[in-house]
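Here's the structure, in structure tokens; my notes come after.
Starting from 1, each residue takes its place in the sequence as its number.
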Amino acid sequence: MIIFLFLMACADPVPVALQACEALPGLATDPAGLQLLAPVLAKVDYDALASAQPTQGLQLLGSDGLAELRSKASCTVGAVEGAGQGRWAVDLERSLPAVNPDGTLGEVEVTAMSWQAVKTSDGVRLETGLAGAAIMRASAEQALEEGDLRRYASSWRAIIKKFPDPLLSVDVARAADVFDQYEYRTQLRGKPVEVDDKAGTLKGEISNVGKRDARNIQVQVDFGVGTQTVSQAATIEAIAAGTASTVDVAIPEGADGSVHIEVVGLELSP
């Protein structure tokens, strides 16, 4: 007990918290980041970070961009309070240029954080909430795989509120774009307009009744053929808001006249 109390008296969470803060712990990092964070993160956080795939923000900035961001980080420690069981609650503030969704750096923002410092046999380590945020990320990726794009976008918004990874603005914006594009499909409405019996083709019209320009529009035309449905795919380069475009597809043999035209994918112009 005397030895433990002596170690606790000598332990100081402030330098460790500052080192961790300035190394920018995130949902993913580069090899340099792992090296910086290895001595200061709690094992559960470090293990989650070491096994993480790059976020879209990290892919966009790359190691050079992340190194530049680290060089601009400035951290201060506020209140440090004992939390029992060899722990401290550490409040910090980090000044850092905001990362815009396109990967450029914006105005300096100040972010408040509250971490747990814990005395271990390897010294003081920080629990930053990274492991919990990694679980939330896995849930977001599962939502994407399941096609639940509303949950996918809302999950990323929840992550960035819980865990202050400065690169996540990119992932949040891209998740929102994916959802917006999915939702906007309902504003592009298709109908058959003409059959060319000689060529064996159907002309379909796609109207953009919304207020945004769309591009790279993926169209699916479903034909009834007996008891089955045969689908044909086509792409339209762009349809401006309030306008329409046409597409020609081959009519499958045995088609009975039942046709459904649907936009299954698109991109929205900025």
Side-chain angles (χ1 to χ4, degrees), residues 17-37 40-41 45 48-49 52-78 90-115 126 128-130 132-134 136-137 139-141 143-144 149-184 211-216 266-270:
L18 288 173
Q19 183 178 342
C21 178
E22 292 173 357
L24 305 185
L27 279 182
T29 192
D30 62 350
L34 275 178
Q35 186 174 3
L36 289 169
L37 290 163
V40 293
L41 284 185
D45 279 8
L49 183 60
Q53 294 297 311
T55 58
Q56 294 187 66
L58 180 57
Q59 292 178 52
L60 184 59
L61 265 72
S63 291
D64 290 344
L66 184 54
E68 179 184 358
L69 198 61
R70 286 194 199 102
S71 71
K72 299 179 183 296
S74 176
C75 297
T76 57
V77 172
V90 183
D91 294 336
L92 304 100
E93 285 190 344
R94 181 172 63 206
S95 298
L96 191 71
V99 178
N100 298 319
D102 63 357
T104 59
L105 301 185
E107 298 296 321
V108 171
E109 294 182 342
V110 177
T111 302
M113 297 169 288
S114 184
W115 292 345
L126 273 299
T128 63
L130 194 157
M136 296 175 69
R137 178 188 182 183
S139 177
E141 292 173 347
L144 178 61
L149 301 184
R150 184 182 299 276
R151 180 161 66 89
Y152 172 62
S154 65
S155 293
W156 275 110
R157 290 195 299 270
I159 292 169
I160 200 171
K161 289 179 181 178
K162 179 180 178 65
F163 185 69
D165 177 345
L167 307 187
L168 291 191
S169 55
V170 176
D171 295 75
V172 171
R174 293 190 176 180
D177 285 345
V178 168
F179 178 65
D180 286 348
Q181 290 164 12
Y182 173 78
E183 287 280 278
Y184 197 80
K211 297 181 179 180
R212 300 185 65 178
D213 298 341
R215 63 177 187 269
N216 191 25
L266 57 81
E267 297 175 12
L268 291 173
S269 298

Does any pair with a residue in residues 94-114 pass salt bridge (charged side-chain N to carboxylate O under 4.0 Å, His left out), and if so which ones, sequence neighbours excluded? none
Quick one: does any side-chain atom of D213 pair with a main-chain N or O of S269 as donor and acceptor, under 3.5 Å? no
How about L96 and T111: do any of their side-chain heavy atoms sit closer than 4.5 Å? no
Between the CG atom in N100 and the CG atom in L105, the distance rounded to the nearest 0.5 Å is 7.5 Å
Side chains of L144 and L149 in contact at under 4.5 Å (non-hydrogen atoms): yes
Pick one: which of L61, I160, L66, L69 meets side chain to side chain contact (heavy atoms under 4.5 Å, CB included) with P166? L69
Smallest heavy-atom separation, C75 atom then L18 atom, equals O-CD2, 3.4 Å
What pairs meet the salt bridge (charged side-chain N to carboxylate O under 4.0 Å, His left out) rule with one or both residues in residues 24-36, with sequence neighbours excluded? D30-R70
For Q35, does the CD atom have more than 12 heavy-atom neighbours from other residues, nucleotides or ligands under 6.0 Å away? no
Would you give the length of the straight line joining atom CZ of R215 to atom CD of Q181, rounded to the nearest 0.5 angstrom? 7.5 Å
For Y184 and L268, work out which heavy atoms get closest and say how close. CD2-CD2, 3.5 Å
Closest heavy-atom pair and its distance - A17, L92: O-CD2, 3.6 Å
To the nearest 0.5 Å, atom CD of Q19 lies from atom SG of C21 at 11.0 Å
Looking only at heavy atoms, which two atoms of G26 and L130 are closest? And how far apart? O-CD1, 3.1 Å
Side-chain heavy-atom pair L27, L168 within 4.5 angstrom cut-off: yes
Nearest heavy-atom pair of R137 and A52: which atoms, and what distance? NH1-CB, 4.1 Å
Side chain proximity check, Y152 to E141, heavy atoms < 4.5 angstrom: no
Could you list all the side-chain hydrogen bond (donor to acceptor under 3.5 Å, both in side chains) pairs where at least one residue sits in residues 157-170, not counting sequence neighbours? none
For residues G57 and V170, report the shortest heavy-atom separation together with the two atoms involved. CA-CB, 3.6 Å
Using a 4.5 Å cut-off on heavy atoms from C-beta on, say whether the side chain of S154 contacts that of F179. no
Residue of the set L167, L60, T104 for which side chain to side chain contact (heavy atoms under 4.5 Å, CB included) holds with V99: L167
Step through the shown structure and confirm whether more than 12 heavy atoms of other residues, nucleotides or ligands are within 6.0 Å of OH on Y182. no
Would L49 and L34 count as a side chain to side chain contact (heavy atoms under 4.5 Å, CB included) here? Give the steps. CA-CA 8 Å; L49 183 60; L34 275 178; 3.9 Å; yes
